[in-house]
Amino acid sequence: MAKVKKNNDEPRRGLFSGWRNWLYDPRVIIACVGICAAPFLANMARKSGTDFTTLPQYQVDRREVKLTELPTFVPVDLLERTWQRAGLEPTFSLLEPQLAERIGKAFELSPWVREVKHIRLRYPNKIEIGLEYREPVALVQLQQGYYPVDRDGILLPPMDFSIKQLGSYPAVEGIDSVPRGPAGDHWGDLAVWGATRLAEMMLAAGDKDSPWKRFHFKTIRVEGHSATGIRSIDDLNQVQYRLITDKGSEVIWGVAPDVPDPTEPNAETKLKRLEMYFRDFGGLQTAQGPVEIDLRRWKDIARRPLPSPDGRVTR
């Protein structure tokens with residue numbers, strides 16, 4: 001029986017066919033022609049004395065500038081306020097030199113933007129902006145009020161948060177330092193960074209299924225911290241974190257996640273132990289009242305009763 005020879009070029013042809021279909025897409029062709037034509041038109045303008053940037057077909061209204069996505073935690077007027085702060089014109093030409101760079105720099109200065117991913121000029125008169133945002137994970141509680149921070153300890157604009165949002169994020173108490181710069185700068189205290197790492201871990205898996213919601217946590221308490229703040233990662237071993245539930249139980253977490261400490265289990269092990277405790281006991285408190293749960297021990301979990309709201313000690 002004659003053997004059928006396998007054609008090893010089939011996958012290659014399929015790949016080539018896919019690229020060919022993409023390249024023959026009219027939208028791709030128009031975009032490529034527009035991008036290639038921009039330098040040519042600019043060169044023609046210089047030689048002929050014609051200012052192509054004034055042609056009506058290349059004029060862009062600010063309302064035609066679009067963000068590819070806008071998460072719910074970001075202010076809805078982020079584009080407008082960034083545009084105004086940078087002093088960008090409401091109407092301009094898509095053929096202006098270094099237009100994409102100017103727009104990109106304007107958004108890089110926004111405290112809400114972690115990174116400008118792309119600025120796409122859609123000829124003849126549209127602009128698409130892709131951004132990576134800083135997402136709030138906690139609110140640092142000071143005497144002056146609440147200060148939102150992202151997972152890296154970057155301060156976010158407090159005026160962009162309302163009282164209704166206070167319950168949406170973990171509150172961090174026990175921080176004595178104040179921000180060392182405006183919104184968009186790091187708090188300047190690594191104890192805040194440690195709290196945000198713990199908050200991010202507790203908020204994982206979404207709003208409803210996160211450990212923070214399931215365990216009914218309310219506050220992250222920082223202990224062993226001073227008003228001067230923590231500047232070195234090595235000094236973070238002195239800082240301990242507690243997770244406080246809405247019923248008054250306290251989970252001694254220990255050092256922050258990502259901070260190595262040979263005397264304690266790592267963060268993943270602590271979370272697994274907490275999950276097991278919650279499953280075995282049906283919650284983080286007894287029928288008599290709140291308890292203190294210590295996750296820092298290597299072999300087991302320590303537990304002791306805490307005073308109930310009426311002053312009695314649970315058993």
Side-chain angles (χ1 to χ4, degrees), residues 73 134-181 183 185-204 207 210-231 235-259 261 264 267 270-271 274 284-285 289-296 304 306-309 311:
F73 58 81
R134 292 191 175 111
E135 183 174 359
V137 298
L139 297 169
V140 180
Q141 183 179 356
L142 301 180
Q143 291 183 349
Q144 302 90 326
Y146 290 88
Y147 291 79
V149 286
D150 79 340
R151 63 184 177 89
D152 296 318
I154 302 295
L155 177 66
L156 299 174
M159 70 286 297
D160 290 340
F161 286 78
S162 64
I163 296 178
K164 294 181 180 180
Q165 293 175 285
L166 295 182
S168 302
Y169 302 99
V172 180
E173 63 180 29
I175 294 294
D176 298 320
S177 63
V178 296
R180 293 193 172 92
D185 287 356
H186 194 277
W187 189 285
D189 184 351
L190 288 179
V192 173
W193 172 83
T196 63
R197 304 308 289 176
L198 180 55
E200 182 185 32
M201 188 175 191
M202 291 296 113
L203 291 174
D207 182 54
S210 68
W212 187 265
K213 290 291 185 181
R214 284 188 287 110
F215 299 150
H216 301 285
F217 287 134
K218 182 180 180 181
T219 306
I220 297 175
R221 182 181 300 162
V222 184
E223 298 175 342
H225 175 261
S226 65
T228 57
I230 302 296
R231 304 292 184 89
D235 295 334
L236 267 178
N237 292 90
Q238 306 170 12
V239 181
Q240 298 285 304
Y241 296 90
R242 283 179 182 250
L243 297 162
I244 316 298
T245 71
D246 55 4
K247 297 293 182 62
S249 288
E250 301 182 6
V251 175
I252 306 178
W253 180 270
V255 297
D258 303 324
V259 175
D261 190 327
E264 297 182 14
K270 291 177 182 177
L271 184 56
L274 192 59
L284 299 185
Q285 68 176 37
V291 294
E292 180 185 80
I293 304 167
D294 194 343
L295 301 177
R296 297 173 298 176
R304 72 179 184 90
L306 290 175
S308 60

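Side-chain N or O atoms of Tyr169 include none that pairs as donor or acceptor with a backbone N or O of Val149 at under 3.5 Å. At distances below 3.5 Å, at least one donor-acceptor pair connects side-chain atoms of Trp212 with backbone N or O atoms of Phe217. Judged purely by atom type and a 3.5 angstrom limit, Asp150 uses its side chain to pair as donor or acceptor with the backbone of Asp152. Ser249 places a side-chain N or O within donor-acceptor distance of the main-chain N or O of Leu284, the cut-off being under 3.5 Å.
Taking every heavy atom of both residues into account, Pro157 and Ala183 meet most closely at N-CB, 3.7 Å.
Within the 4.5 Å cutoff, no side-chain heavy atoms of Leu236 are placed close to those of Val255. You'll find the side chain of Trp193 reaches within 4.5 Å of the side chain of Asp258, heavy atoms only. Counting heavy atoms from C-beta outward, Tyr241 and Val222 have side chains that approach closer than 4.5 Å. Contact of the Glu292 side chain with the Arg242 side chain is registered, since non-hydrogen atoms from C-beta on lie closer than 4.5 Å. No side-chain heavy atom of Ile244 sits less than 4.5 Å from a side-chain heavy atom of Lys218. For the pair Glu264 and Gln240, the minimum side-chain heavy-atom distance is below 4.5 Å. The side-chain heavy atoms of Phe73 and Ser168, taken from C-beta on, include no pair separated by under 4.5 Å. Using a 4.5 Å cut-off on side-chain heavy atoms (C-beta onward), Thr245 and Pro290 make no contact.
Not counting sequence neighbours, the partners of Ala267 by the side-chain contact (heavy atoms from CB on, under 4.5 Å) test are Met201, Trp253, Pro257. Among residues two or more places apart in sequence or in another chain, the side-chain contact (heavy atoms from CB on, under 4.5 Å) test is passed with Glu173 by Gln141, Thr219, Arg221.
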